[in-house]
Structures are given as C-alpha cells and as structure tokens.
Amino acid sequence: MEVGKRIREHRAGAGMSQDDLAARVYVSRQTISSWENDKTYPDVQSLILLSEIFGVTVDTLIKGDVETMTETIDTDVHTMKRLSYVMLGFLLLTILTMVWISVQFFAWDWPVQQLVPSFVLALVLWGIAMFAACWVERIKKQHDLMTYHEILSFWNGEKVARDTEKRQRESLIPRSLKIVRAVGKMLIAMAVGAFLGYGGAMLAHALLG
C-alpha cells in the first residue's frame, strides 16, 4: 500500500502537522496517523478533500491501491454488520433472561440460590454483547465514525459527511464517557427486561391466583 506514504509526503511537503490536516479533513489526528501507517484507509469524501488540499488528483493519491482499499473497507463493513447483529441478538437474549429470572423469583417464589444459574447465563450473554459492542467501537474509531448518520452511510457504502454540527458536538465528548454511555444503555435495557418480567410475573400471579 502506498496511499499512506503519499498522504504523509504531501502533508510534509505542505508543511502541515497531523493536527493541521485533521482539522481540514474533519477527522481526528489519530485517523490521519492510521491512514499514514496504512492501518485504515480514507473514504471517498476524505480522498476528495485530501486531493483538494494537496492540489493533486484522487488518482494520484490512490494509484494502484484502489482494489486493496475497497476490499479492506468492505471487510470492515461486513464485520461491523455481523457484530451489530450479534450484539443486538445477545442483548435481546439477556433481556429475555432477566424476564425469566423475574418470573422465577416473583411468580414462582424460587429461593435466590436456585436463581444463580440464570444470573450466570444473563452475565454470559451480556458479556458476549459487550464484547461485540467493543469490537464495533474499535471499527468506528478506525474509520472515525461518530454520529448515527456517519455509521449508516458507512454501513451502506455511501459517502460519510463529517463536516456537520452534530459531529463537532460529538467530537467534544471524551471516549471514556462514550464507553460509559454505551454500557449504561445496555444496563438500562437489562433493567427494563427485569421490570417487564416483574410486571408479567405479577399479572400471571394475579390471574392464576
């Protein structure tokens, strides 16, 4: 791959730092570093911006690298889709398990020690969902995806619009806070599952006496 080397050479020739270039392409400095080290590759919109900044054609930047770049990005898209389905599937199973625990405890009056296997199952399912979510976050970071619309565009193989106000607000949020936010959403989903299970258990208990 030569595209990373060309970006680095053109950036150095223009007297720009990675931070300077990142600001003009609407990505993070880490993304520029990833491009220059051939860890990830710029999308179509980024390539157009880079060509305008450097005063060269897109063909000059990606000459000989198009097929490899396309294959790599397509692989990441497919991986992200599969992981998203895994995450949602196991999160749903976790919620259903919490419903089942609520039924066991509130409707059938099972002692806590008998609920341990169900709790272990819920934790395992939640752990798998978290693993998939972290992997998705890694792909998002590699491709500098922050907003829902950026993720959706990447998912559909479309141009990723990064010069938006929402992206600017999102970029100000620390990564650690984003992780906490994602974990919080999953915990809320588990709590909702437990609440639904409790409600169902109470209803069943009232109807069946």
Side-chain angles (χ1 to χ4, degrees), residues 1-56 58 60-84 87 130-186:
M1 292 293 294
E2 295 292 329
V3 62
K5 179 181 178 182
R6 295 189 188 105
I7 292 174
R8 183 168 56 251
E9 289 176 347
H10 284 295
R11 176 181 62 78
M16 288 189 290
S17 65
Q18 290 184 340
D19 286 312
D20 294 334
L21 183 58
R24 297 185 64 178
V25 188
Y26 305 106
V27 297
S28 65
R29 186 198 62 77
Q30 289 81 2
T31 299
I32 299 296
S33 178
S34 294
W35 291 348
E36 294 185 351
N37 291 291
D38 292 325
K39 293 180 179 178
T40 57
Y41 310 105
D43 57 25
V44 175
Q45 186 184 31
S46 296
L47 284 170
I48 293 173
L49 289 172
L50 288 169
S51 68
E52 292 175 352
I53 293 168
F54 296 146
V56 298
V58 172
T60 300
L61 289 175
I62 63 174
K63 185 177 181 181
D65 293 334
V66 177
E67 186 175 345
T68 303
M69 289 174 60
T70 301
E71 289 177 357
T72 301
I73 292 175
D74 286 345
T75 298
D76 284 347
V77 169
H78 292 314
T79 300
M80 188 175 182
K81 287 182 178 180
R82 288 194 295 268
L83 288 170
S84 297
M87 179 182 67
M130 281 300 301
F131 174 79
C134 290
W135 199 340
V136 168
E137 285 298 317
R138 180 172 174 269
I139 295 176
K140 286 167 58 179
K141 183 180 178 182
Q142 287 178 338
H143 293 276
D144 205 47
L145 305 172
M146 293 186 182
T147 67
Y148 171 76
H149 290 294
E150 290 177 8
I151 296 170
L152 189 61
S153 297
F154 180 76
W155 184 296
N156 294 325
E158 301 170 351
K159 289 184 179 180
V160 179
R162 292 190 167 92
D163 54 341
T164 62
E165 183 179 346
K166 187 174 182 179
R167 176 187 174 82
Q168 293 173 3
R169 292 198 304 268
E170 191 73 16
S171 64
L172 297 176
I173 302 175
R175 185 168 182 268
S176 58
L177 185 57
K178 294 178 182 178
I179 294 175
V180 171
R181 184 174 61 183
V183 173
K185 289 180 180 179
M186 287 193 173

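The line from CG of Leu145 to CE of Met80 is 6.0 Å long, rounded to the nearest 0.5 Å. In this structure, CZ on Phe54 lies 12.0 Å from OG1 on Thr60, to the nearest 0.5 angstrom. In this structure, OG1 on Thr79 lies 10.0 Å from CZ on Arg138, to the nearest 0.5 angstrom.
Look at Glu9 and Arg6 and you find no salt bridge, because none of the NZ, NE, NH1 or NH2 atoms lies under 4.0 Å from a carboxylate O.
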(message) Test side-chain hydrogen bond (donor to acceptor under 3.5 Å, both in side chains) on Ser17 and Asp20; report intermediate values, then the result.
(response) CA-CA 5 Å; Ser17 65; Asp20 294 334; 3.0 Å; yes
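Every residue meeting the side-chain contact (heavy atoms from CB on, under 4.5 Å) condition with Gln30, not counting sequence neighbours, appears here in chain and number order: Ser28. With sequence neighbours left out, Arg24 forms a side chain to side chain donor-acceptor pair (under 3.5 Å) with no residue at all. Evaluation of the side chain to side chain donor-acceptor pair (under 3.5 Å) rule for Arg11 yields Glu36 as partners, not counting sequence neighbours. Scanning for side chain to side chain donor-acceptor pair (under 3.5 Å) contacts around Asn37 gives Ser33, with sequence neighbours left out. For Val77, the side-chain contact (heavy atoms from CB on, under 4.5 Å) criterion is met by Ile73, Lys81, Phe154, not counting sequence neighbours.
The two residues Ile48 and Ser51 come nearest to each other via the heavy atoms O-OG, 2.6 Å. Tyr41 and Trp35 get closest at one heavy-atom pair: C-NE1, 3.6 Å. Nearest heavy atoms, Leu21 versus Ile7: CD2-CG2, 4.1 Å.
A heavy-atom distance below 4.5 Å is not found between the side chains of Leu50 and His10. With contacts defined as side-chain heavy-atom distances shorter than 4.5 Å, the pair Leu83/Ile139 qualifies. Contact check for Arg82 versus Trp135: no side-chain heavy atoms found under the 4.5 Å cut-off.
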